[in-house]
Amino acid sequence: MQTVFTDERLLEGVNQCAEYPHIDPATLANRILELAAFGKTADGGVTRFVYTEEEKKAKELFVSWIKEAGLEVREDGFGNLFAKYTGEDPDLPAVMTGSHLDSVPNGGYFDGPLGCISSFMAIEALIKEGKRPKRSIEFVIFVNEEGSRFNNGIFGSQALMGEITKEELNTYRDKEGVSIAEAMKEQGYDPEIALAGKCEKNDIHAFLELHIEQGKQLELNNEKIGIVSGIAGPTWQSFTFLGETDHAGNTPMHLRKDTLCAAAEFMLEVEKLPRQINETAVATVGKIDVSPNGANVISGKTNVIVDVRDIDKGSLAELNERIVSSASEIAERRGIQAEHEELTKIDPVVVPDSIQESIKASCERHQLPYRSLVSGAGHDAMIMGKYVPSAMVFVPSVNGKSHSPEEFTHLADCVDGVAVMKDILWDLANE
């Protein structure tokens, strides 16, 4: 089975798509490929970070498509792009829809761009049909969702809703030491002006985002649409174990205060705890720093970052408490210290039942097999869901691959996703 993305692999699906009025599979495929040219890697992936020439060119290309559709484009102070399809009553709060164009290092063609393209093509289809909804539909491209350059993801939606501070713009830096504020200035944005503007939640009726599943459930069950019931709230916890650095050869085992061994025991406990709390809970240690990190040296300091997620706020809190207690207990038993710091905390988002039912009705109308899913990954919809009713539509990921050149979604599934998005946007905009 072919696993690496190729242009031919995507385009061969043009004639395998269902027919929907004013949704052209070839146009969708070509737009995916055109965007991928900006930041394309030798491995067949994409590296496109915020406030770079690659991102700037991708946005300029998208602006050209928006203008061809007869819509006006505006940009906020952070670089988020907007285009509005004006409804019959423009004074009503608008329905917002979109995603992001930035990527992880050597990422795929679909994560983010497909969400932008699907939202835009759903609006295009409504325009071509001459269907004007009661509410306006506002298309958005958020900047810096992945956070790969500055280690601060879901930035654009946070900026839109006024969550970003001046301190953050000057604190977060890339590997060259460039701050967000400095990068903004290099691209012609004024951080002071950007911070002064934000969107009022009363201006938004609802938010809708399409995304690849980044998992295997839809594919394994031969289902075409995932109806997201909730987005797991992530917390990042930092644990630092402090012991004593000693010689590996001359320190008896019973006299050691080895922080790496403490961290190893702690990590195994972190792996066990979610299943004791909730079936939807997960916890991951994906980063560890050992000091002094020598082959013949007992570690005197070890730091681990724990990523904890669940869609239930109560169980998420309980799991975090258990993890913190576990670190303290292990450190005390081993005669060392454990320091704890909460780095990130975002509450879970529950998708309103009414929007889930609307997605379900669309799937049944188009005879698309579907299932209810929980999103373990964070998305801009997670931020928007803190303020306004928000929902997500998932389409299948081949082999569950994402964030790599192997990321692939069949064109037929992409087209089905646009059709469902069109239905839901119409429903929401006529409420």
Side-chain angles (χ1 to χ4, degrees), residues 5 28 31-32 35-36 46 48 62 96-104 107-123 139-148 153-157 206-219 223-234 309 311 346 348-351 355-356 359 362-363 368 370-385 390-404 406-425:
F5 182 96
L28 198 162
R31 284 173 172 172
I32 291 172
L35 284 173
V46 175
R48 188 167 52 235
F62 222 115
M96 186 173 283
T97 183
S99 193
H100 63 96
L101 293 179
D102 65 308
S103 77
V104 298
Y109 286 21
F110 298 85
D111 179 354
L114 180 60
C116 295
I117 293 169
S118 62
S119 291
F120 175 62
M121 290 190 67
I123 295 171
F139 170 66
V140 59
I141 297 175
F142 289 117
V143 295
N144 198 24
E145 192 269 355
E146 298 290 1
S148 298
I154 325 180
F155 174 85
S157 48
F207 177 79
L208 181 65
E209 180 177 6
L210 178 141
H211 208 278
I212 58 172
E213 181 191 354
Q214 299 177 290
K216 300 180 180 180
Q217 292 190 63
L218 293 177
E219 183 182 49
E223 291 154 337
K224 297 301 181 182
I225 298 293
I227 303 174
V228 177
S229 59
I231 306 172
R309 305 182 187 222
I311 60 168
I346 301 177
V349 168
V350 177
V351 176
I355 307 182
Q356 291 186 58
I359 300 172
S362 174
C363 292
L368 297 173
Y370 62 88
R371 74 164 39 223
S372 178
L373 291 172
V374 170
S375 175
H379 302 282
D380 288 306
M382 179 174 63
I383 299 300
M384 301 305 294
S390 298
M392 295 193 73
V393 172
F394 278 177
V395 291
S397 299
V398 174
N399 294 323
K401 295 292 185 179
S402 182
H403 284 189
S404 81
E406 294 180 82
E407 181 178 281
F408 190 80
T409 293
H410 292 293
L411 187 60
D413 294 329
C414 298
V415 171
D416 290 339
V418 176
V420 172
M421 289 289 287
K422 175 190 168 189
D423 288 350
I424 311 314
L425 288 174

Notebook entry, point to check: Listed by chain and number, what are the ring pair (Phe, Tyr, Trp, His ring centres under 6.0 Å) partners of Phe110, not counting sequence neighbours?
Noted result: Phe5, Phe408

Margin query: Do Ile32 and Leu35 make a side-chain contact, defined as non-hydrogen atoms from C-beta onward lying under 4.5 Å apart?
Written below: no

Check: Hey, are the side chains of Val351 and Ile227 touching, using non-hydrogen atoms and a 4.5 Å cut-off?
Finding: no

Item checked: Side chains of Glu406 and Asn399 in contact at under 4.5 Å (non-hydrogen atoms) -> no

Check: So, the side chain of Arg309 versus the backbone of Gly376: is there a donor-acceptor pair under 3.5 Å, distance only?
Finding: yes

Next item on the list: With sequence neighbours left out, write down each residue that passes side chain to side chain donor-acceptor pair (under 3.5 Å) with Ser157, or none if nothing qualifies.
Entry: Asp380

Notebook entry, point to check: Between Thr409 and Val398, is any pair of side-chain heavy atoms under 4.5 Å apart?
Noted result: no

Notebook entry, point to check: For Ser390, what residues pass the side-chain contact (heavy atoms from CB on, under 4.5 Å) criterion, not counting sequence neighbours?
Noted result: Phe207, Met384, Val388

Notebook entry, point to check: Tell me, do Glu145 and Phe155 make a side-chain contact under 4.5 Å, heavy atoms counted?
Noted result: no

Check: Would you call Leu114 and His211 a side-chain contact if the rule is heavy atoms closer than 4.5 Å?
Finding: no

Checklist line | For Ala412, side-chain contact (heavy atoms from CB on, under 4.5 Å) partners two or more places apart | finding: Cys17

Next item on the list: Return the set of residues passing salt bridge (Lys or Arg N to Asp or Glu O under 4.0 Å) with Asp413 (not counting sequence neighbours), or none when no residue passes.
Entry: Lys224

Item checked: Results of side chain to side chain donor-acceptor pair (under 3.5 Å) for Ser375 - residues two or more places apart only -> His379

Check: Hey, are the side chains of Phe394 and Val228 touching, using non-hydrogen atoms and a 4.5 Å cut-off?
Finding: yes

Notebook entry, point to check: Under 6.0 Å between ring centres, would you say that holds for Phe62 and Phe120?
Noted result: yes

Next item on the list: Determine whether Ser99 and Ile141 make a side-chain contact, defined as any pair of heavy atoms from C-beta on separated by less than 4.5 Å.
Entry: no

Next item on the list: Would you check if the side chain of Glu213 reaches a backbone N or O of Leu218 as a donor-acceptor pair within less than 3.5 Å?
Entry: yes

Item checked: With sequence neighbours excluded, residues passing side-chain contact (heavy atoms from CB on, under 4.5 Å) with Glu146 -> His100, Asp102, Val104, Asp111, Ser148, His403

Notebook entry, point to check: Quick one: salt bridge (Lys or Arg N to Asp or Glu O under 4.0 Å) partners of Glu223, sequence neighbours excluded?
Noted result: Arg371

Next item on the list: Sequence neighbours left out, what passes side chain to side chain donor-acceptor pair (under 3.5 Å) with Ser397? Give chain and number order.
Entry: none

Next item on the list: Could you tell me which residues satisfy side-chain contact (heavy atoms from CB on, under 4.5 Å) with Val393, sequence neighbours excluded, listed by chain and number?
Entry: Leu208, Leu210, Ile225, Ile359, Val420, Met421

Next item on the list: Could I get the full list of side chain to side chain donor-acceptor pair (under 3.5 Å) partners for Ser119, not counting sequence neighbours?
Entry: Thr97

Next item on the list: Return yes if some donor-acceptor pair links the side-chain N/O of Ser372 with the main-chain N/O of Ser229 below 3.5 Å, else return no.
Entry: no

